[in-house]
Number of protein chains: 2
Amino acid sequence: MYTESIEDYLKAIYEIQKEHAKVSTNSLSEKLNVAPASVTSMIKKLSEKKLVTHKRYQGVKLTKAGQKISLEIIRHHRLIELYLAEALGVPWDQVHEEAEKWEHVLSEDLEDRMDAVLGYPTRDPHGAPIPSRDGTIAELDSIPLADLRSGQSAVVAEVSDHDPDLLRYVGKMGLYPKAKFKVLSIEPFNGPIKIKVDGSEHVLGSGAAQYVFVTEVKGSTTGAT
Amino acid sequence: MYTESIEDYLKAIYEIQKEHAKVSTNSLSEKLNVAPASVTSMIKKLSEKKLVTHKRYQGVKLTKAGQKISLEIIRHHRLIELYLAEALGVPWDQVHEEAEKWEHVLSEDLEDRMDAVLGYPTRDPHGAPIPSRDGTIAELDSIPLADLRSGQSAVVAEVSDHDPDLLRYVGKMGLYPKAKFKVLSIEPFNGPIKIKVDGSEHVLGSGAAQYVFVTEVKGSTTGAT
DNA sequence: TATCATTTTTAGATGAGTCTAAATTCTATT
DNA sequence: AATAGAATTTAGACTCATCTAAAAATGATA
Ligand SMILES: [Mn+2]
Ligand SMILES: [Mn+2]
Ligand SMILES: [Mn+2]
Ligand SMILES: [Mn+2]
């Protein structure tokens with residue numbers, strides 16, 4: 001077993017790696033809210049444990065072993081989020097914080113029981129894929145809502161779960177995973193985006209639209225307004 | 001918020017205090033599996049934080065503040081144990097270990113939700129009372145099964161939950177909380193105890209019988225064998 | 001290509017919790 | 001009352017994860 005701190009570092013490295021190829025000391029420092037010097041010293045430790053490879057000044061990369069642990073913790077995290085939402089009615093903007101702690105003390109037995117009770121789910125409440133026990137994960141390729149054009153229809157695939165305010169904000173518009181919506185208009189220069197979800201219209205700032213990931217619904221790329 | 005370690009010390013002090021009036025350094029050392037010297041240094045810290053009072057060489061006692069936290073953690077622990085047993089089917093000999101970790105990271109909100117889902121229970125799976133939110137607890141006065149005499153009938157009130165082997169052992173005989181049984185015979189000199197539970201007979205060592213707490217059922221103190 | 005701002009690492013310190021070994025205090029028994 | 005044995009505390013060290021301040025390496029740009 002690894003410490004909570006090590007597990008959080010590995011998880012953070014995985015998440016940054018998914019988007020940026022280069023996982024820098026600074027990016028970890030920001031994501032984990034620790035000083036860059038602290039990251040360096042933890043990197044040294046992870047490297048000694050063969051959980052990451054590290055070229056000085058060049059960032060880190062997970063080893064196979066590191067990725068395995070990382071996905072194990074992410075599985076815990078997302079199963080817990082879903083369990084809290086489904087079984088105990090915890091709102092989707094609060095599940096992350098709870099899971100962030102619980103994920104480190106969940107036994108394999110309980111993990112299996114929750115998985116079974118939930119019917120072996122594949123997505124967490126924010127639409128993120130749940131890695132399987134053996135460390136497989138189906139990352140989906142979706143695009144930010146902000147990249148859509150006027151007239152396009154799309155389905156929400158995933159919403160970033162790190163900011164509860166954001167979740168409440170987009171939740172109020174009904175932008176949950178699997179929600180279908182249509183872009184009515186997009187103002188230029190990162191202006192507001194008007195959308196129609198489930199019959200009602202909403203306006204959404206481009207900031208938020210960066211963090212809502214969608215897949216386009218084909219055969220609907222026509223007319224604007 | 002206090003550290004996991006502090007919470008575990010407070011809990012241990014509460015539990016020892018319940019039985020022994022004097023909470024010694026050594027008793028804590030044994031219960032928590034740490035060296036006596038470690039206990040002393042932690043006692044110093046707890047004392048500075050006004051969570052315990054301490055006379056050198058004379059043991060510790062919880063302050064009001066210390067007891068409040070202690071009961072808060074015990075509430076977490078027991079609610080979690082019951083939740084795991086009821087909602088997820090975790091066997092009663094495994095819930096303790098899981099709760100020992102989870103208790104420290106449970107939010108008040110989730111505590112309330114679990115409490116509600118369980119219907120505001122008053123006993124954990126081992127029969128121990130669950131403290132209320134405001135720190136009230138109904139300690140029951142029961143006696144060890146080992147103290148019964150031949151012919152007496154009694155009801156299981158509580159079983160010590162610290163040894164999974166013990167729980168499996170007495171569980172096999174049906175000695176769960178609320179189970180009614182009759183003592184058929186007790187061999188002298190801490191000999192084995194023959195009991196009848198739910199129609200079937202079992203023999204139980206006096207060691208185990210020390211850890212099963214019962215309340216006598218009146219009007220049945222007659223004839224032996 | 002030399003310079004400089006940015007990034008990363010090193011150096012050294014801190015706090016929490018633990019340990020072992022040694023000193024101290026208590027207490028039960030002579 | 002003296003003393004031996006047990007319990008407790010002190011002293012000093014260690015690991016883990018963090019910090020700040022200073023040094024070193026990188027790489028963009030003038
Ligand atoms: Mn975490
Ligand atoms: Mn999530
Ligand atoms: Mn605990
Ligand atoms: Mn219990």
Side-chain angles (χ1 to χ4, degrees), chain A residues 1-14 16-17 19-62 66 69-70 73 100-101 103-105, chain B residues 1-17 19-62 65-66 69-70 73 100-101 103-105:
Chain A
M1 261 301 96
Y2 294 94
T3 63
E4 168 165 344
S5 193
I6 285 179
E7 292 182 345
D8 278 338
Y9 271 89
L10 292 175
K11 195 153 62 93
I13 292 168
Y14 181 92
I16 296 169
Q17 206 169 71
E19 319 237 284
H20 288 92
K22 192 132 285 178
V23 180
S24 68
T25 298
N26 266 1
S27 62
L28 283 166
S29 163
E30 274 179 40
K31 178 154 234 174
L32 294 167
N33 273 298
V34 295
S38 309
V39 173
T40 298
S41 87
M42 179 57 92
I43 283 175
K44 197 171 298 173
K45 187 181 304 174
L46 296 177
S47 185
E48 276 158 15
K49 291 185 191 298
K50 310 278 190 198
L51 298 172
V52 303
T53 53
H54 181 225
K55 276 176 291 183
R56 284 186 58 192
Y57 292 95
Q58 301 300 329
V60 292
K61 192 168 176 308
L62 290 172
I69 296 161
S70 171
I73 302 303
E100 198 55 53
K101 286 304 194 170
E103 63 190 1
H104 306 289
V105 298
Chain B
M1 262 301 94
Y2 294 94
T3 63
E4 168 165 344
S5 192
I6 285 180
E7 291 181 346
D8 279 338
Y9 271 89
L10 292 174
K11 196 153 61 92
I13 293 168
Y14 181 92
E15 279 160 13
I16 295 169
Q17 206 167 71
E19 318 237 285
H20 289 90
K22 192 133 286 176
V23 180
S24 68
T25 298
N26 265 1
S27 63
L28 283 167
S29 162
E30 273 179 41
K31 176 154 237 176
L32 294 167
N33 272 298
V34 293
S38 309
V39 173
T40 298
S41 87
M42 179 57 92
I43 283 174
K44 199 171 296 172
K45 187 182 301 174
L46 296 177
S47 185
E48 277 160 14
K49 291 185 190 298
K50 310 276 191 202
L51 298 172
V52 302
T53 54
H54 180 227
K55 276 176 291 184
R56 284 186 55 184
Y57 292 93
Q58 301 300 330
V60 293
K61 192 172 179 304
L62 289 172
I69 295 162
S70 171
I73 303 302
E100 198 56 52
K101 286 306 196 168
E103 64 190 0
H104 306 289
V105 298

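What's counted below: heavy atoms across the whole structure, side chains too, no hydrogens, waters or symmetry copies. The chains referred to below are lettered A, B, ... by the order of the sequence lines, with proteins before strands, and numbering in each begins at 1.
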Exercise for review: Using only side-chain N and O atoms of A:Tyr9, determine if any of them is under 4.0 Å from OP1 or OP2 of D:dT18.
Suggested key: yes
Check your understanding: To the nearest angstrom, how far is A:Lys49 atom NZ from D:dC16 atom P?
Key -> 7 Å
Revision key, fill the gap. Heavy atoms of A:Ile16 and A:Ser27 approach each other most closely as CD1-OG, 3.6 Å
Review point. Is there a side-chain polar atom (N or O) of B:His54 under 4.0 Å from OP1 or OP2 of D:dT9?
Key: yes
**Study point:** Value in whole Å for how far the P atom of D:dA7 lies from NE2 of B:His20
**Key:** 14 Å
Check your understanding: Which atom names give the shortest non-hydrogen contact between B:Val105 and A:Val105, and what distance separates them?
Key -> CG2-CG2, 4.4 Å
Review point. How close or far is atom P of D:dT9 from atom CG of B:Leu28, stated in whole angstroms?
Key: 11 Å
Check your understanding: Considering heavy-atom distances to DNA chain D, does A:Ala37 or B:Pro36 have its closest nucleotide positioned more toward the 5' end?
Key -> B:Pro36
Point to revise | 5' priority, DNA chain D, between A:Ser38 and A:Arg56 [closest heavy atom] | key: A:Ser38
Check your understanding: B:Thr3 near the nucleic acid: base, sugar-phosphate alone, or nothing, with a heavy-atom cut-off under 4.0 Å?
Key -> sugar-phosphate
Exercise for review: For A:Thr40, report the nucleic acid contact type (base, sugar-phosphate, nothing); a contact means any heavy atom under 4.0 Å.
Suggested key: base
Review point. When you check the phosphate oxygens OP1 and OP2 of D:dT15, does a side-chain N or O of A:Lys45 lie under 4.0 Å from one of them?
Key: no
Exercise for review: With the side chain of A:Tyr57 defined as its heavy atoms from C-beta on, choose the nearest nucleotide among D:dA17, D:dT20, D:dA25.
Suggested key: D:dA25
Study note, to complete from the structure: Shortest non-hydrogen pair, B:Gly59 vs B:His54, comes out as O-CD2, 3.4 Å
Review point. Between which nucleotides of DNA chain C, read 5' to 3', does contact with chain B run, using atoms under 4.0 Å from its heavy atoms?
Key: C:dA16 to C:dC26
Point to revise | Whole-Å gap separating P (D:dA6) and CD (B:Gln58) | key: 19 Å
Point to revise | Atom pair CG (B:Leu28) and OH (B:Tyr9), whose distance is rounded to the nearest 0.5 Å | key: 7.5 Å
**Study point:** Length of the CE-P vector between A:Met1 and D:dC16, whole Å
**Key:** 16 Å
Check your understanding: When the distance from CD of A:Glu48 to P of D:dT15 is rounded to whole Å, what number comes out?
Key -> 12 Å
**Study point:** A:Gln17 to A:Val60 - nearest heavy-atom pair and separation
**Key:** NE2-O, 4.3 Å
Point to revise | Pairwise distance CG(A:Leu10) to CE(A:Met42) - rounded to 0.5 angstrom | key: 8.5 Å
Check your understanding: Between A:Ser5 and D:dT18, does any side-chain N or O lie under 4.0 Å from OP1 or OP2?
Key -> yes
Point to revise | Whole-Å gap separating P (D:dA17) and CD (A:Glu7) | key: 11 Å
